[in-house]
S.K.: 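This is the structure, below, for whatever I ask next.
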Amino acid sequence: QVQLVESGGGLVQAGGSLRLTCAASGSIFSGYAMAWYRQAPGKQRELVAASTSGGGTNYADSVKGRFTISRDNAKNALYLQMNSLKPEDTAVYYCNANRPPLQLGDEWLSYWGQGTQVTVSS
């Protein structure tokens, strides 16, 4: 059983930076796929950044060049460095962890945190 807790959100001015942290109660190994999602009021939850089980990364076009996803498996932690923040980045940010199946045919197990609020003014 994996539990995720996000932290690091807050209120910042446009152009500022924040670093979000996702701490897992269970072990998150290199084989886990990890991601950050966000949801703004009245909008659907969207993928912001992903760290694949193969070590690759993907970013939404809207944050490319500004956000960086990283992980520390030894500390069971996932991070999202957010620079040059814009008002459009205002949303609740969620940590997502995906456990690979033990064998082919099994489903991946998904875990979600409760979210942390990021508000960008101006």
Side-chain angles (χ1 to χ4, degrees):
Q1 189 174 53
V2 175
Q3 295 184 64
L4 307 174
V5 179
E6 302 97 334
S7 62
L11 174 64
V12 298
Q13 293 185 330
S17 298
L18 284 173
R19 189 175 83 148
L20 305 184
T21 297
C22 171
S25 62
S27 297
I28 299 179
F29 301 106
S30 60
Y32 277 51
M34 307 291 295
W36 286 97
Y37 286 76
R38 69 184 181 187
Q39 187 168 22
K43 295 186 177 181
Q44 191 168 299
R45 186 175 298 186
E46 65 174 343
L47 176 67
V48 176
S51 175
T52 68
S53 57
T57 58
N58 289 104
Y59 298 92
D61 289 339
S62 60
V63 307
K64 199 168 298 181
R66 300 187 296 119
F67 291 11
T68 302
I69 187 171
S70 61
R71 63 202 294 173
D72 188 335
N73 292 320
K75 295 182 178 180
N76 296 318
L78 179 73
Y79 308 98
L80 183 67
Q81 179 66 47
M82 304 185 294
N83 298 325
S84 302
L85 284 163
K86 304 175 181 179
E88 305 90 90
D89 296 318
T90 296
V92 176
Y93 285 70
Y94 298 91
C95 176
N96 170 241
N98 298 280
R99 182 201 230 179
L102 296 177
Q103 56 183 285
L104 293 175
D106 291 342
E107 293 185 349
W108 286 66
L109 298 180
S110 294
Y111 303 90
W112 295 88
Q114 295 301 118
T116 185
Q117 177 70 49
V118 172
T119 302
V120 184
S121 63
S122 299

S.K.: Please check: side-chain N/O of S122 versus main-chain N/O of Q13, any donor-acceptor pairing under 3.5 Å?
M.R.: no
S.K.: Could you note down all residue pairs passing disulfide bond (SG atoms under 2.5 Å apart) where residues 45-87 supplies at least one of them, sequence neighbours left out?
M.R.: none
S.K.: Would you confirm whether E107, through its side chain, and P101, through its main-chain N or O, come within 3.5 Å as a donor-acceptor pair?
M.R.: no
S.K.: Using the six-membered ring of Y111, assess whether NZ or CZ of R99 lies under 6.0 Å from its centre and within 45 degrees of the ring axis.
M.R.: no
S.K.: Using the rule given for side chain to side chain contact (heavy atoms under 4.5 Å, CB included), can you reason through E6 versus L20, listing the C-alpha separation, both sets of side-chain angles and the distance that settles it, and then say yes or no?
M.R.: CA-CA 7 Å; E6 302 97 334; L20 305 184; over 6 Å; no
S.K.: Between S110 and N98, is there a donor-acceptor pair closer than 3.5 Å when you use the side chain of the first and the backbone of the second?
M.R.: no
S.K.: Which ILVMFWY residues can you reach from L47 by hopping between side chains whose heavy atoms are under 4.5 Å apart?
M.R.: Y37, V92, Y94, W112
S.K.: Which residues pass the side-chain hydrogen bond (donor to acceptor under 3.5 Å, both in side chains) test with R66, not counting sequence neighbours?
M.R.: D89
S.K.: Do R38 and V63 make a side-chain contact, defined as non-hydrogen atoms from C-beta onward lying under 4.5 Å apart?
M.R.: yes
S.K.: Would you mind reporting whether N73 and Y32 have side-chain heavy atoms less than 4.5 Å apart?
M.R.: no
S.K.: Each residue besides L102 in its hydrophobic cluster should be listed here, by chain and number; the cluster joins Ile, Leu, Val, Met, Phe, Trp and Tyr at side-chain heavy-atom distances under 4.5 Å.
M.R.: none
S.K.: Using a 3.5 Å distance criterion without hydrogens, assess whether the side chain of T116 forms a donor-acceptor pair with backbone atoms of G9.
M.R.: yes
S.K.: Side chains of Q117 and L11: does their closest heavy-atom pair fall under 4.5 Å?
M.R.: no
S.K.: Show me the pairs that pass disulfide bond (SG atoms under 2.5 Å apart) and involve residues 39-122, at least two apart or across chains.
M.R.: C22-C95
S.K.: Using 0.5 Å steps for rounding, measure from the CG atom of L4 to the CE atom of M34.
M.R.: 6.0 Å
S.K.: For K64, enumerate each residue passing the salt bridge (charged side-chain N to carboxylate O under 4.0 Å, His left out) test, keeping only those at least two apart in sequence or located in another chain.
M.R.: D61
S.K.: Any donor and acceptor pair, going by atom type alone, linking the side chain of Y59 with main-chain N or O of I69 inside 3.5 Å?
M.R.: yes
